[in-house]
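Quick note on labels: first sequence line is chain A, next is B, and so on, each numbered from 1.
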Amino acid sequence: MGSASRAIPLKYSAAEAEAKWRAVWDENGLHRWDPKIDRAHTFVVDTPPPTVSGSLHVGHVFSYTQTDVVVRYQRMLGKNIFYPIGWDDNGLPTERRVQNYFGIRCAPHLPYDPNWKPSSDRQDKDKVVEISRRNFIEACAILTAEDEKAFEKLWRTVGLSVDWSLQYATIDKHCQRISQLSFLDLVAKGEVYNTVAPTMWDVDFRSAISQAEVEDREIGGHFHDISFEVEGGGDFTIATTRPELLPACIAVVAHPDDARYQKFFGKRAYTPLFEAPVPIVAAEHADPEKGSGILMVCTFGDIMDVQWWRKSGLPARQVIGLDGRIVAPVFGNAPFDSRNPARANSNMQLLAGLTVKQAQKKIVELLAHENSSADGKHKALLADPKPIMHPVKFYEKGDRPLEFIPTRQWFQKILDHKEALLAQGRKVEWHPAFMQTRYEHWVQGLNQDWCLSRQRYFGVPFPVWYPIDKSGAPDYGHPLYADKAQLPIDPLTDCPTGYSTEQRDKPGGFTGDPDVMDTWATSCVTPQIASHWQLDPARHHGLFPMDVRPQAHDIIRTWAFYTIVRAWNHEGQIPWKNALISGFIVDKDRKKMSKSKGNVTTPEGLLTEHSADAVRYWASRARLGVDTAFDKKLFEIGNKLCTKLFNAAKFVVGHFDRTNLDLNKLDLAAICEPLDLALVEKLRTVISEATRNFDRFDYAVALQGTEDAFWNFCDHYLELIKVRAYSESDSTGRASALATLGWSIRTFIKLFAPVVPFVTEEIWSWTFAGEGRDCSVHTSSWPTIEEVENVERPANAKAFDAALELTGKIRGAKTAAQKSLRWEVKSVTATGSSEAEEALRTVLADVLSAGNVVQGGFKFVRGEAEPGQMFNVSVILAEQWVAPARDAS
RNA sequence: AGGCACGUAGCUCAGCUGGUUAGAGCGCUUGCUUCACACGCAAGAGGUCCCCGGUUCGAAUCCGGGCGUGCCUACCA
């Protein structure tokens with residue numbers, strides 16, 4: 001390549017270069033996966049599908065970039081890269097966004113209107129329009145498609161080297177098919193069941209949710225001291241935060257060793273206001289230290305109630321409806337016993353229809369005004385409620401506390417398999433390793449099977465129908481499952497085999513399961529979705545188990561966990577060999593960035609303000625698993641690095657063009673000067689370390705080592721060899737310098753390519769670009785020390801350090817005298833050991849020419865140097881400015 | 001309440017399989033327009049390595065106990 005063909009801009013323009021290379025990469029299909037290459041030579045990524053219904057977060061840019069850096073390294077190793085991208089578009093977040101965006105709500109009973117179109121700029125958007133289920137799903141699809149385009153644009157801007165032909169969306173037909181196949185496989189293996197059970201329920205979304213989606217929130221509440229009358233005389237006081245559950249009380253329990261209550265065990269108590277007889281029972285979970293040591297078991301206040309109720313065999317008394325309002329059961333009929341049904345029912349009527357919060361207020365009034373018993377001797381509410389702050393369980397996306405409500409749900413067996421799942425987790429390599437502990441703790445702490453079903457619309461339906469018996473009741477005990485070949489199906493529009501459409505919802509006919517799956521029930525099969533499990537066995541086995549799963553630590557309990565569960569269910573395997581757990585971006589006060597705190601920088605803003613390379617540099621500086629403070633200065637540093645790379649490369653190219661040498665035909669055999677040999681030796685270490693660290697997914701450490709070496713190369717090596725490189729007379733020395741320069745800059749460009757792919761590609765295009773894989777730096781081969789195996793080792797290991805030390809001291813003298821670094825030096829006297837003299841000998845000419853020391857101006861004296869120094873140096877500068885000679889030789 | 005991590009220069013972070021005088025970048029101070037780069041270069045100031053014990057010839061590093069921060073989990077009558 002001659003100099004004429006090069007058009008190197010004076011300054012590097014990131015915006016221009018990045019736009020150019022993005023387009024070129026797309027055209028060349030540089031990031032395409034090749035299905036013909038075997039597993040051993042393929043690097044497979046289980047890319048997280050971001051939730052498109054929210055805006056992306058700088059944390060996403062941060063962690064996705066980290067993955068891309070790892071991938072780009074693997075690509076340079078020559079691996080075939082399988083790097084898909086998905087969009088998580090089903091689920092509650094999408095429904096909520098669609099409702100607000102279009103001002104609509106799903107009303108499943110309405111018929112489909114084929115002419116209805118959603119509109120985001122309706123005048124009367126605050127007036128909610130009810131639409132059919134199918135129209136609602138269509139609206140969801142329209143908005144998510146728009147969101148996905150915006151996401152794709154962002155990922156392209158940041159330069160993710162994903163294969164855009166491997167795109168999927170969790171709501172698309174393919175994902176539905178895999179999710180349903182996965183479900184049917186669980187059916188075949190007896191791993192799922194449907195049953196009516198008390199399940200955590202969000203009263204606003206009106207859906208069941210799973211343990212993994214629960215979070216605690218510290219909220220205000222009140223302790224109420226309520227007196228219960230004991231059958232046959234006596235009383236006790238219960239302290240409760242949930243007096244509205246009084247009608248749902250089925251028992252009271254105290255610890256078996258609690259002397260205060262032992263006398264009551266076996267007797268019955270009467271609930272205030274309702275006078276329902278409830279057994280007084282000993283139970284281990286009652287803590288004598290807490291409250292009054294005796295507590296109500298209600299159906300259902302919390303998970304303890306549920307667990308105790310299961311063991312007790314007592315009937316449930318459900319008083320909270322699916323909408324979070326109090327229902328009015330009739331006392332006097334089982335299971336709502338009462339000594340005084342008339343009084344119980346009149347009290348119940350006062351509560352009926354109220355929300356939990358309203359009911360609590362009402363019942364406190366009633367308790368305050370009424371006596372607990374018919375004889376009037378017992379006050380029910382013993383004191384004013386005492387305010388407390390206590391943690392309460394919420395759906396992570398919900399606004400009101402969760403209730404336990406018995407509903408029919410699909411569950412996947414988890415509790416039976418804890419040991420196996422722990423073992424699977426141990427087979428995965430977690431990066432950083434301590435993240436495995438989080439997985440272990442989560443699995444050990446699980447107390448419920450996975451509730452798979454959600455009473456929502458925009459999601460993957462269960463491929464299930466139920467027969468309807470003669471009386472018109474669905475027979476949930478004998479579900480009709482879809483054939484695998486039929487998938488994907490929607491049981492609300494498709495028919496089970498052997499039935500016809502007219503039989504839908506008719507006695508003797510069938511009914512479709514109305515629920516959709518938990519969004520994680522789709523996300524957890526992303527490896528199978530990408531590998532086409534059960535659809536294309538060859539492809540599946542060519543990709544599975546995958547190499548890496550990148551994700552954040554907050555979803556170890558959901559995404560990582562469920563993915564491990566399903567891979568084990570289906571094939572007894574781990575889904576991936578490595579879990580790369582990224583840290584969070586936190587603000588200056590080390591708080592997690594979140595919209596509600598108003599401390600969010602948007603990714604779009606980030607990428608208009610800074611170049612993609614600068615953003616990528618920022619992300620690459622942070623190690624896996626380490627939360628990092630958002631610091632704008634890192635972008636500046638990244639920018640500087642790019643500029644420096646550009647300029648250093650320009651410098652090297654200049655020398656090759658001037659001497660008519662070809663960068664693509666480096667003559668490494670010409671490297672013979674001791675300083676050059678020393679540099680090559682330094683870079684051998686840099687290459688080995690970077691490779692070792694990249695192999696361990698320690699891209700940040702690799703970057704740090706490369707960066708340090710590069711700035712040293714620029715500040716010291718380039719200065720030291722300048723005179724020799726420009727020399728007209730020392731052709732051997734010049735050839736050695738140029739070959740070293742060419743190889744070094746090529747090495748640096750490659751080492752930096754995964755982190756700053758745009759500027760390195762730009763440089764590559766006018767330096768080393770060639771045919772085949774060498775058309776792009778990103779498919780060129782990762783540097784190895786074998787490239788320079790024929791370059792001899794430096795004779796003196798300390799030569800480089802000696803050169804740096806003497807150079808530094810000459811520079812220091814000039815700086816101290818406030819003179820230019822080009823200022824002429826009359827004499828330099830170095831004092832040191834013979835060892836130091838020997839180290840310096842071979843590189844002395846380079847040092848003296850770089851320091852502009854006059855001919856014959858150097859003297860070495862044997863003697864003692866300061867501790868930690870190779871030599872002491874005294875420098876005498878010229879009295880006047882003398883222009884330096886161009887050719888020092 | 002338990003677990004996991006973190007606490008090093010004004011800031012962001014390395015170092016932590018124990019070993020001369022604890023590092024980098026940014027910021028700050030002082031110089032230098034130098035033939036790749038002033039988005040540069042050189043030099044400089046700046047640290048009770050959170051605290052208290054212990055092990056050791058020697059501790060930022062290992063052990064014990066605190067304190068502080070973040071996250072996860074549990075309890076939550």
**Q** May I ask you to say what A:A816 touches in the nucleic acid, namely base, sugar-phosphate or nothing, with a heavy-atom cut-off under 4.0 Å?
**A** nothing
**Q** Whether A:D730 and A:R724 form a salt bridge (side-chain N of Lys/Arg under 4.0 Å from carboxylate O of Asp/Glu) is what I want to check.
**A** no
**Q** Can you check whether A:A614's main-chain N or O pairs, donor with acceptor, with A:W618's side chain at less than 3.5 Å?
**A** no
**Q** Let me know the distance between NE2 of A:H553 and P of B:rC4, rounded to the nearest Å.
**A** 16 Å
**Q** Measure from the side chain of A:N647, starting at C-beta and using heavy atoms only, and say which of B:rC76, B:rA36, B:rC13 lies closest.
**A** B:rA36
**Q** For a quick check of understanding: with a heavy-atom distance under 4.0 Å over all strands, which category does A:R242 fall into, base, sugar-phosphate or nothing?
**A** nothing
**Q** Among the nucleotides B:rA36, B:rC71, B:rG40, which one has an atom lying closest to any side-chain atom of A:R438?
**A** B:rC71
**Q** Between B:rC6 and B:rC76, how far apart are the C1' atoms? Round to whole Å, please.
**A** 28 Å
**Q** Using the C1' atoms only, state how far B:rG47 lies from B:rA14, rounded to an integer number of Å.
**A** 15 Å
**Q** Across the strands shown, which category fits A:K290 at heavy-atom distances under 4.0 angstrom: base, sugar-phosphate, nothing?
**A** base
**Q** At 4.0 Å (heavy atoms only), tell me whether A:L718 reaches a base, stays on the sugar-phosphate, or touches nothing.
**A** base
**Q** In terms of side-chain heavy atoms of A:K633, which of B:rA36, B:rA42, B:rC26 is nearest?
**A** B:rC26
**Q** Taking atom C1' in both B:rG10 and B:rA5, compute the distance separating them and give it to the nearest angstrom.
**A** 25 Å
**Q** Which salt bridge (Lys or Arg N to Asp or Glu O under 4.0 Å) pairs, counting each pair once, include a residue from residues 696-712 of chain A, with sequence neighbours left out?
**A** A:R696-A:D698
**Q** Thinking salt bridges, do A:R260 and A:D258 make one under a 4.0 Å N-O criterion?
**A** yes
**Q** Could you check whether A:E719 gets within reach of a base, just the sugar-phosphate, or nothing at all, counting any heavy atom under 4.0 Å?
**A** base
**Q** Under 4.0 Å from OP1 or OP2 of B:rC32: is there any side-chain N or O of A:R822 that close?
**A** no
**Q** How long is the line joining NE2 of A:H441 and P of B:rC72, in whole Å?
**A** 13 Å
**Q** Does atom NZ (A:K819) have a neighbourhood of more than 12 heavy atoms from anything else shown, all under 6.0 Å?
**A** yes
**Q** What's the CG-C1' distance between A:L703 and B:rA24, to the nearest Å?
**A** 12 Å
**Q** Assign each of A:F223 and A:A817 to its nearest nucleotide of RNA chain B by heavy atoms, then name whichever residue's nucleotide is nearer the 5' end.
**A** A:A817
**Q** Using a heavy-atom cut-off of under 4.0 Å over every strand shown, decide if A:K393 touches base, sugar-phosphate, or nothing.
**A** base
**Q** Which of the following nucleotides, B:rA36, B:rA24, B:rC75, is nearest to the side chain of A:I303?
**A** B:rC75
**Q** Heavy atoms only, 4.0 Å cut-off, all strands: where does A:M435 land among base, sugar-phosphate and nothing?
**A** nothing
**Q** Taking B:rU69 as the reference, what is the distance to B:rG53 when you measure between their P atoms (whole Å, please)?
**A** 24 Å
**Q** Applying the Watson-Crick and G-U wobble criteria at under 3.5 Å, what pairs with B:rA42? Answer none if nothing qualifies.
**A** B:rU30
**Q** Rounded to whole angstroms, how far apart are CZ on A:F646 and P on B:rC39?
**A** 15 Å
**Q** Would you mind telling me which of B:rC76, B:rG25, B:rA14 lies closest to the side-chain atoms of A:P391?
**A** B:rC76
**Q** Looking only at side-chain N and O atoms, does A:Q869 come under 4.0 Å of OP1 or OP2 in B:rU20?
**A** no
**Q** With the side chain of A:T437 defined as its heavy atoms from C-beta on, choose the nearest nucleotide among B:rC13, B:rG3, B:rA24.
**A** B:rG3
**Q** Using whole Å, report how far CZ of A:R658 lies from P of B:rA36.
**A** 9 Å
**Q** Tell me which nucleotide, if any, is Watson-Crick or G-U wobble paired with B:rU48 when both distances must be under 3.5 Å.
**A** none
**Q** Tell me whether the OP1 or OP2 atom of B:rC41 has a side-chain N or O from A:K644 closer than 4.0 Å.
**A** yes
**Q** Hey, is the side chain of A:K722 poking within less than 4.0 Å of OP1 or OP2 on B:rA36, counting only N and O atoms?
**A** yes
**Q** In whole angstrom, give the distance that lies between atom CD of A:E707 and atom P of B:rA14.
**A** 14 Å
**Q** Which one, B:rA74, B:rG15, B:rA36, comes nearest to the side chain of A:Q211?
**A** B:rA74
**Q** Taking pairing as Watson-Crick or G-U wobble with both contacts under 3.5 Å, can you name the mate of B:rU20, or confirm there isn't one?
**A** none
**Q** Nearest to the side chain of A:T643, heavy atoms from C-beta on, is which of B:rC39, B:rC37, B:rU30?
**A** B:rC39
**Q** Using a 4.0 Å heavy-atom cut-off across all strands, classify A:C642 as base, sugar-phosphate, or nothing.
**A** nothing
**Q** For the side chain of A:K11, counting heavy atoms from C-beta on, which of B:rA42, B:rC39, B:rA5 is nearest?
**A** B:rC39
**Q** May I ask you to say what A:W823 touches in the nucleic acid, namely base, sugar-phosphate or nothing, with a heavy-atom cut-off under 4.0 Å?
**A** nothing
**Q** Looking at the rings of A:F646 and A:Y12, which for Trp means the six-membered one, are their centres under 6.0 Å apart?
**A** yes
**Q** Under 4.0 Å, counting only non-hydrogen atoms across every strand here, what does A:L821 touch: a base, just sugar-phosphate, or nothing?
**A** base
**Q** What's the CD-P distance between A:Q704 and B:rU12, to the nearest Å?
**A** 16 Å
**Q** What is the separation between atom CZ on A:F434 and atom P on B:rU73, rounded to the nearest whole Å?
**A** 15 Å
**Q** Working note: A:H57 + A:F62, criterion ring-ring contact (aromatic ring centres under 6.0 Å, His included); need CA distance, chi angles, decisive distance, verdict.
**A** CA-CA 9 Å; A:H57 190 267; A:F62 181 72; 10.0 Å; no
**Q** Tell me whether the OP1 or OP2 atom of B:rU12 has a side-chain N or O from A:K632 closer than 4.0 Å.
**A** no
**Q** Does any N or O in the side chain of A:R734 come within less than 3.5 Å of the main-chain N or O of A:S727, such that one atom is a donor and the other an acceptor?
**A** yes
**Q** Please work out if A:D287 contacts a base, only the sugar-phosphate, or nothing of the nucleic acid, heavy-atom cut-off 4.0 Å.
**A** base
**Q** Between the side chains of A:S210 and A:E213, does any donor sit under 3.5 Å from an acceptor?
**A** yes
**Q** For nucleotides B:rG18 and B:rU61, find the distance between their P atoms and express it as a whole number of Å.
**A** 12 Å
**Q** B:rC32 base to A:S820 side chain: any donor-acceptor pair below 3.5 Å?
**A** no
**Q** Provide the distance between the two P atoms, one in B:rC75 and one in B:rA22, to the nearest whole Å.
**A** 50 Å
**Q** Tell whether A:D216 reaches the base of B:rC75 with its side chain through a donor-acceptor pair below 3.5 angstrom.
**A** yes
**Q** Which one, B:rA14, B:rC76, B:rC26, comes nearest to the side chain of A:V626?
**A** B:rA14
**Q** A:R658 and A:H655: side-chain donor and acceptor closer than 3.5 Å?
**A** yes
**Q** Just name whichever nucleotide pairs with B:rA9, Watson-Crick or G-U, keeping both distances under 3.5 Å, else none.
**A** none
**Q** On a whole-Å scale, what distance lies between the C1' atoms belonging to B:rC32 and B:rG68?
**A** 46 Å
**Q** Provide the Watson-Crick or G-U wobble partner of B:rG70, both distances under 3.5 Å; none if there is no partner.
**A** B:rC4
**Q** Need to verify one output field. Residue with the more 5' nearest nucleotide on RNA chain B, A:G445 or A:A649?
**A** A:A649
**Q** Suppose you measure atom P in B:rG65 against the same atom in B:rC26; what distance do you get, rounded to whole Å?
**A** 41 Å
**Q** For B:rC75, what is the paired nucleotide under Watson-Crick or G-U wobble rules, both distances under 3.5 Å?
**A** none
